[in-house]
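This report refers to the structure that appears directly beneath it.
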Amino acid sequence: MLSVGSLGPGFDWAEPYAIGLVIVGLAVYAAVGALSHEEDRAFSASVVYVLVGIAAAVVIWLAGLDWLSPARDAAWIEHLTELALIVALFSTGLKLERPFAPGAWGATVRLLAIAMPLSILLVALFGSSVMGLPVAAAILLGAALAPTDPVLAGDIGVGPPGDEEEEEPRFSITAEAGLNDGLALPLVVLAFILSEQSGGEWVAEWLLVDVLYGVLVGVALGAALGYGMSALVVTLRDRGLVRAELDGWISIGSVLVVYGIVELVSANGFLAAFAAGVAFRRYEQHHEVHKGVHEGAEVAGKFGELAVLLLLGSLLTPSGLAEPGWAGWALAALLLLVVRPVTVAVAFVRSPLTPRERLFLGWFGVRGVASLYYAAAALAAGVLPREEEAVLFWTVVVAVVLSIFAHGTTASPLTLRLLERRRPSRAATRSERDGSPRTAGEPRSATTARS
């Protein structure tokens, strides 16, 4: 007999939908508690989310529920992570106020132009030579593990709009997380092409369409739309046509419109979302609307992170965690302990950054939502054989989980040790570090002010 929720005869114990509601409700409580005392703990809220997800996995297993399967439900996982990611990218862009002066983004350029390609190369070489993956799967693994996470990096990055403290390491790691999610996309596409085609006739099309067109049009169109939306919103607010308490919803509508339009013209939507956030902030930069828009994007990003990490924890099973084998687990550990620190060290040779600042950047290469998105997208596209898909997906999962626990438990103590307790003589001003002069009236960072 048909039974929908409570609409059925007799008792219906352990109804999956009801159990799901309870788990989600408890997760929201955990998120509220974790975020309310985030500055008082030595670990980030992301650790709590994954632990709640693991607890949910135990409940699901004990109840014998037919839960989500990465292989069967990859498209659903892909879209969930996609939505969480674009909101986080827009929110990240809203935080960045540094002008586009020569040298002002120099450290970020080093991370993107040197450290990121080296990381992809090293991971791909390990995947090919040690894990036995074919070239396409190895490149896909390297590209999926290249992005650093804009939400999880928020614990160590710059603060909200108007925050005076914008130290070079915090700024660089935030800007890197906002840009490398989209810059990894052409390499993921390259891996898709290599898995299906041979020969070199596709190279020119890939370079022109997926690299040049995708990147340039994504950034330009995203920035234009973001700036235009900000001008519209500010005008409406000044005329009293939009209520201030609804500012937070503007971020959601803006990023969905931007991402949708850019995807319609087959450009890079992730870069567009970030560029839109940066440009949105540039129109009447000190207008009060920006605070509300950022707060809305931040809350949406946090709950998107909650949804993704709760899902991640609930998917963990002994069989899944065994899929990467010892080599996949070794790669995940090496990525955090060797690959990231070494590539950052190479990128910052002859850099004015202090050793502590380089150590900060080398350790906090947080992996998260973007890596899960690309892994799920690969499964949904079906470009790899089943065995390779499983190794790829679960290696990414292992890397993300290790990153969350390693970086989530060290964010507060190491940030305090490496950045906030620096001697005044070591605290260089922004102009000394990146060559961008501070304009008259521009607020100094808290560290510089203490100097």
Candidate pair Leu207 and Leu212, rule side chain to side chain contact (heavy atoms under 4.5 Å, CB included), full reasoning: CA-CA 6 Å; Leu207 287 172; Leu212 290 177; 5.7 Å; no
Between [atom1] of [X] and [atom2] of [Y], what distance do you get to the nearest 0.5 Å?
X: Leu256; Y: Ile261; atom1: CG; atom2: CD1; value: 11.0 Å
X: Asn268; Y: Leu221; atom1: CG; atom2: CG; value: 11.5 Å
X: Leu315; Y: Ile54; atom1: CG; atom2: CD1; value: 11.5 Å
X: Ile404; Y: Thr409; atom1: CD1; atom2: OG1; value: 11.0 Å
X: Leu85; Y: Asp149; atom1: CG; atom2: CG; value: 7.5 Å
X: Ser46; Y: Glu305; atom1: OG; atom2: CD; value: 5.5 Å

Taking the side chain as every heavy atom from C-beta outward, state whether [X] and [Y] have any atom pair closer than 4.5 Å.
X: Phe274; Y: Pro150; result: no
X: Glu295; Y: Asp247; result: no
X: Leu190; Y: Leu187; result: yes

Hey, is the main chain of [Y] close enough, under 3.5 Å, to the side chain of [X] for a donor-acceptor pair?
X: Thr174; Y: Arg170; value: yes
X: Ser230; Y: Tyr227; value: no
X: Arg367; Y: Val396; value: no

So which of Ile86, Val308, Leu311 actually passes side chain to side chain contact (heavy atoms under 4.5 Å, CB included) with Thr81? Val308
Identify each donor-acceptor pair in which a side-chain atom of residues 377-392 lies under 3.5 Å from a protein atom, sequence neighbours left out, and give them as a table.
none

Compare every heavy atom of [Y] with every heavy atom of [X], then report the nearest pair and how far apart it is.
X: Ala144; Y: Pro147; value: O-CD, 3.3 Å
X: Ala332; Y: Leu402; value: CB-CD1, 3.7 Å
X: Ala267; Y: Val217; value: CB-CG1, 3.8 Å
X: Gly182; Y: Pro186; value: O-CD, 3.5 Å
X: Val398; Y: Pro324; value: CG2-CG, 4.1 Å
X: Leu145; Y: Ser371; value: CA-OG, 3.9 Å

Run Leu335 and Ser403 through side chain to side chain contact (heavy atoms under 4.5 Å, CB included) and show every step you take. CA-CA 9 Å; Leu335 179 68; Ser403 175; over 6 Å; no
Taking the six-membered ring for Trp, are Phe303 and Tyr49 closer than 6.0 Å centroid to centroid? no
Ring centres under 6.0 Å, that's the criterion: do Phe360 and Phe364 meet it? yes
Write out all pairs satisfying side chain to side chain donor-acceptor pair (under 3.5 Å) with one or both partners inside residues 307-318, taking only residues at least two apart or from two chains. Trp67-Ser314, Thr317-Ser319
Applying side-chain contact (heavy atoms from CB on, under 4.5 Å) to Ser91 and not counting sequence neighbours gives Lys95, His294, Ala297, Glu298
Applying side-chain contact (heavy atoms from CB on, under 4.5 Å), name anything that partners Ile139, two or more places apart in sequence or on another chain. Val135, Ala191, Leu194
Mark yes or no: Arg98 above the aromatic ring of Phe171, with NZ or CZ under 6.0 Å from the six-membered ring centre and no more than 45 degrees from the axis. yes
Salt bridge (charged side-chain N to carboxylate O under 4.0 Å, His left out) filter on Asp210, not counting sequence neighbours, yields none
Scan for salt bridge (charged side-chain N to carboxylate O under 4.0 Å, His left out) pairs involving [range], sequence neighbours excluded, and state none if there are none.
range: residues 263-275; answer: none
range: residues 173-196; answer: Glu176-Arg340
range: residues 68-84; answer: Asp66-Arg72

Name the atoms and distances for all side-chain donor-acceptor pairs under 3.5 Å in residues 109-116, with sequence neighbours left out.
| unit_1 | atom_1 | unit_2 | atom_2 | d |
| --- | --- | --- | --- | --- |
| Arg110 | NH1 | Ala347 | O | 2.8 |
| Arg110 | NH1 | Val349 | O | 3.2 |

Evaluation steps, side chain to side chain contact (heavy atoms under 4.5 Å, CB included), between Leu141 and Leu331: CA-CA 11 Å; Leu141 180 61; Leu331 173 62; 3.5 Å; yes
Given side chain to side chain contact (heavy atoms under 4.5 Å, CB included), test Val50 with Phe405 step by step and report yes or no. CA-CA 9 Å; Val50 175; Phe405 281 98; 3.9 Å; yes
Pair listing, ring pair (Phe, Tyr, Trp, His ring centres under 6.0 Å) test, anchored in residues 305-353, at least two apart: none
Write out all pairs satisfying ring pair (Phe, Tyr, Trp, His ring centres under 6.0 Å) with one or both partners inside residues 82-104, taking only residues at least two apart or from two chains. Phe90-Phe280, Phe100-Trp105
Under the rule for side-chain hydrogen bond (donor to acceptor under 3.5 Å, both in side chains), what residues qualify as partners of Asn180, not counting sequence neighbours? Thr148
I would like to know whether Phe393 and Tyr374 meet ring-ring contact (aromatic ring centres under 6.0 Å, His included); could you show each step before the answer? CA-CA 9 Å; Phe393 182 84; Tyr374 284 124; over 10 Å; no
